[in-house]
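Worksheet: one structure, shown below.
Worth saying up front: this structure is predicted, and the values here are computed from it rather than measured.
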Amino acid sequence: MRDILFFDTSSDAVLLAYYGKDSVFIYKNMPKKTLSSDLPLIIENSGVGKLISPETEIFIGAGPGSFTGIKTGVAFISAWLYAKGIRHIKTVSSLDIYSLFIPYQENSLGVVVTPFNSDEGFLSIFKWNFGKRLYIQQDNRLDQDGINKLFTKLNYDRAAIVITSDNRGPVDFSFFKKFFRELVGIRPGGSFMLDFAYSLPVIKKIDIALEPLMLNYVSAPADLNPDCEIYVSLIK
């Protein structure tokens, strides 16, 4: 397996994970206004710059999530990678990156939530079926009433849930307890299920040198909802 780098800034935290001969894992809450000034120092101090190469497999989170966080993070990491001689990257759903924290268990739901606004969250939901993921919801934005209706309809006994930020917000683990007999709450950390990384749906394979503007467009398409709040959506 090639060495692999994950990077995401879609939530209230920066996630950077490198797996190769050595491993580096960073998960750090960071205000959006300090991203541009703090990211360079954090990443350089991590030692990742000495580990990656043009052969490294790069997965960058493309949302859904914070518009400001994604745009700032993608702009920085693409320039940083290019300076390191790396041109080829893959953009994937940010929720899919976090889903790699969920262990394999048949007949169990895997749920990833990014809290958003006062009572909403972005959700992806999948189930394991003979070692494969089957998506039930993918990169969907729901309020608490919508989440209530969805999980009541699904009627599963077990679930493992990742909330992508330490800022629990309106959608937290306690909210989901009423839906399941067995609920495992997972905070980002530890090891990814790397064997499943290569099966994640890829939004776009990008050559940074040839498609710098395409990178901005594909990885963070901005939609405007009726309340005039900007958010990132991969749903067309």
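Across all their heavy atoms, Val74 and Gly61 have their closest contact at CG2-O, 4.2 Å. Nearest approach of Ala13 to Tyr27, heavy atoms of both residues: CB-CE1, 3.4 Å. When all heavy atoms of Ile70 and Gly63 are compared, the pair lying nearest together is CD1-CA, 3.4 Å. The two atoms that bring Leu16 and Leu5 nearest to each other are CG-CD1, 4.1 Å, heavy atoms only. Of all non-hydrogen atoms in Phe180 and Asp157, the two that sit nearest each other are CB-O, 3.5 Å. Summarising the geometry of Ala209 relative to Arg87, their closest heavy-atom pair is CB-NE, 3.5 Å, with the distance given to 0.1 Å.
Residues Thr9 and Thr72 are not in side-chain contact: their nearest non-hydrogen atoms beyond the backbone lie 4.5 Å or more apart. By the 4.5 Å heavy-atom criterion applied to side chains, Phe122 and Val112 are not counted as neighbours. Looking only at side-chain heavy atoms (C-beta outward), Ile43 and Ile77 come within less than 4.5 Å of each other. Between Pro64 and Leu95, some side-chain heavy-atom pair lies under the 4.5 Å cut-off. Using a 4.5 Å cut-off on side-chain heavy atoms (C-beta onward), Phe126 and Ile102 make contact. Contact of the Arg187 side chain with the Ile163 side chain is registered, since non-hydrogen atoms from C-beta on lie closer than 4.5 Å. Proximity of Tyr156 to Phe151: side-chain heavy atoms (C-beta onward) are nowhere separated by under 4.5 Å. Considering only heavy atoms from C-beta on, Lys90 stays 4.5 Å or farther from Ile206 through its side chain.
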Step-by-step side-chain contact (heavy atoms from CB on, under 4.5 Å) determination, Phe6 to Leu194: CA-CA 11 Å; Phe6 302 94; Leu194 293 177; 3.8 Å; yes
Start with the C-alpha gap between Ile125 and Leu150, add the side-chain angles, then the distance that decides, and say whether side-chain contact (heavy atoms from CB on, under 4.5 Å) holds.
CA-CA 10 Å; Ile125 306 170; Leu150 175 62; 3.4 Å; yes
Could you go through the side-chain contact (heavy atoms from CB on, under 4.5 Å) check for Ile4 and Phe192 one step at a time?
CA-CA 11 Å; Ile4 187 168; Phe192 281 107; over 6 Å; no
Applying side-chain contact (heavy atoms from CB on, under 4.5 Å) to Ile161 and Phe175, what does each step give before you reach the verdict? CA-CA 11 Å; Ile161 296 179; Phe175 175 83; over 6 Å; no
Would Phe59 and Phe7 count as a ring pair (Phe, Tyr, Trp, His ring centres under 6.0 Å) here? Give the steps. CA-CA 6 Å; Phe59 291 94; Phe7 179 81; over 10 Å; no
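Side chain of Thr152 to backbone of Lys149: no donor-acceptor contact under 3.5 angstrom is found. The backbone N or O of Pro103 lies less than 3.5 Å from a partner atom in the side chain of Trp128, making a donor-acceptor pair. The main-chain N or O of Val92 is never found under 3.5 Å from a side-chain atom of Asp96 such that the two would form a donor-acceptor pair. At distances below 3.5 Å, at least one donor-acceptor pair connects side-chain atoms of Arg2 with backbone N or O atoms of Glu55. Counting only distance, with no hydrogens or angles, the side chain of Asp143 and the backbone of Gly146 share a donor-acceptor pair below 3.5 Å. In this structure a side-chain-to-backbone donor-acceptor pair under 3.5 Å is present from Ser11 to Thr164.
Between Thr56 atom OG1 and Ile89 atom CD1 the span is 13.0 Å, to the nearest 0.5 Å. To the nearest 0.5 Å, atom OH of residue Tyr18 and atom CD1 of residue Ile26 are 13.5 Å apart. Note: Ser174 OG to Leu183 CG = 10.0 Å, rounded to the nearest 0.5 Å. For the atom pair CG of Asn29 and CG of Asp12, the computed distance is 6.5 Å after rounding to the nearest 0.5 Å. Put simply, CG on Leu100 and CG on Asp195 are 10.5 Å apart, with the number rounded to the nearest 0.5 Å. Separating the OH atom in Tyr98 from the OG atom in Ser124 is a distance of 13.5 Å, to the nearest 0.5 Å.
Side-chain atoms of Asp3 and Tyr19 form no donor-acceptor pair, as typed in the model, at a separation below 3.5 Å. No hydrogens or angles considered: a donor-acceptor pair under 3.5 Å links the side chains of Asn148 and Lys178.
Within 6.0 Å of atom OH in Tyr135, more than 12 heavy atoms from other residues, nucleotides or ligands are found, so the atom counts as buried in its surroundings.
With salt bridges taken as basic N to acidic carboxylate O contacts below 4.0 Å, none links Glu106 and Arg133.
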